[in-house]
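This is a predicted model, so every value here is computed, not measured. Counting begins at 1 with the first residue of the sequence.
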Amino acid sequence: PVAHARRVPNGAVLLLQVSGDADLRIPAPELTASAKLFVEGPLPGSLGEPVPCSVENGVLLFSSTPQLSNRWLYATAK
């Protein structure tokens with residue numbers, strides 16, 4: 001999770017980096033069904049392309065692909 005002191009309005013609440021190809025389930029009780037996942041944009045901390053995801057019972061679900069490997073991913077609350 002992103003520390004409350006580092007959060008900005010409409011910004012990331014969860015930061016993660018993955019490697020490889022897999023269907024992932026990340027515990028994220030702070031996320032709701034309206035959460036969205038993005039790869040990092042061209043500037044550090046900026047949002048880039050959206051990543052298809054869902055949240056079920058406090059668990060973030062998405063598929064990691066080679067295109068996402070070793071890139072920062074940001075989950076936003078909405």
Side-chain angles (χ1 to χ4, degrees):
V2 174
H4 287 284
R6 293 186 57 212
R7 291 185 185 184
V8 297
N10 301 315
V13 295
L14 180 67
L15 228 191
L16 56 129
Q17 200 172 62
V18 297
S19 181
D21 245 341
D23 291 330
L24 298 172
R25 300 175 56 83
I26 309 290
E30 66 277 2
L31 296 179
T32 64
S34 63
K36 295 188 177 10
L37 186 64
F38 298 89
V39 295
E40 184 172 59
L43 297 174
S46 68
L47 300 181
E49 294 295 317
V51 176
C53 72
S54 63
V55 176
E56 295 177 9
N57 299 319
V59 176
L60 176 65
L61 308 166
F62 70 100
S63 294
S64 173
T65 63
Q67 293 80 10
L68 298 178
S69 284
N70 302 312
R71 295 184 69 189
W72 282 110
L73 304 175
Y74 300 122
T76 63
K78 24 182 159 168

Walk me through whether Val13 and Thr76 qualify under side-chain contact (heavy atoms from CB on, under 4.5 Å). CA-CA 6 Å; Val13 295; Thr76 63; 6.0 Å; no
Go through the steps for Val51 and Phe38 under the test side-chain contact (heavy atoms from CB on, under 4.5 Å), then give the verdict. CA-CA 5 Å; Val51 176; Phe38 298 89; 5.8 Å; no
Under the side-chain contact (heavy atoms from CB on, under 4.5 Å) criterion, do Leu15 and Tyr74 qualify, and how do the steps go? CA-CA 5 Å; Leu15 228 191; Tyr74 300 122; 2.6 Å; yes
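Taking both residues in full, the closest heavy atoms of Leu61 and Arg25 are given as CD2-NH1, 3.1 Å, listed atom of the first, atom of the second, then distance. Closest approach of Leu31 and Val55 over heavy atoms only: O-CG1, 3.8 Å. Taking every heavy atom of both residues into account, Ser63 and Leu68 meet most closely at O-CD1, 3.6 Å. Contact record, Val18 with Ser64: CG2-OG, 3.4 Å, taken as the closest heavy-atom pair. Of all heavy-atom pairs between Arg7 and Val2, the closest is NE-O, 2.8 Å. Smallest separation of non-hydrogen atoms from Thr32 and Ala77: OG1-O, 4.0 Å.
Both Phe62 and Val39 belong to a common hydrophobic cluster when Ile, Leu, Val, Met, Phe, Trp and Tyr are linked at side-chain heavy-atom distances under 4.5 angstrom.
Between Leu73 and Glu40, every side-chain heavy-atom pair lies at or beyond the 4.5 Å cut-off. Under the 4.5 Å side-chain criterion, counting only non-hydrogen atoms from C-beta, Asp21 is in contact with Pro66. No side-chain heavy atom of Pro50 sits under 4.5 Å from any side-chain heavy atom of Lys36.
In this structure, the separation between CG on Leu37 and CD on Glu49 is 12.5 Å, given to the nearest 0.5 Å.
Atom CG of Asn57 has 12 or fewer neighbouring heavy atoms from other residues, nucleotides or ligands inside a 6.0 Å radius.
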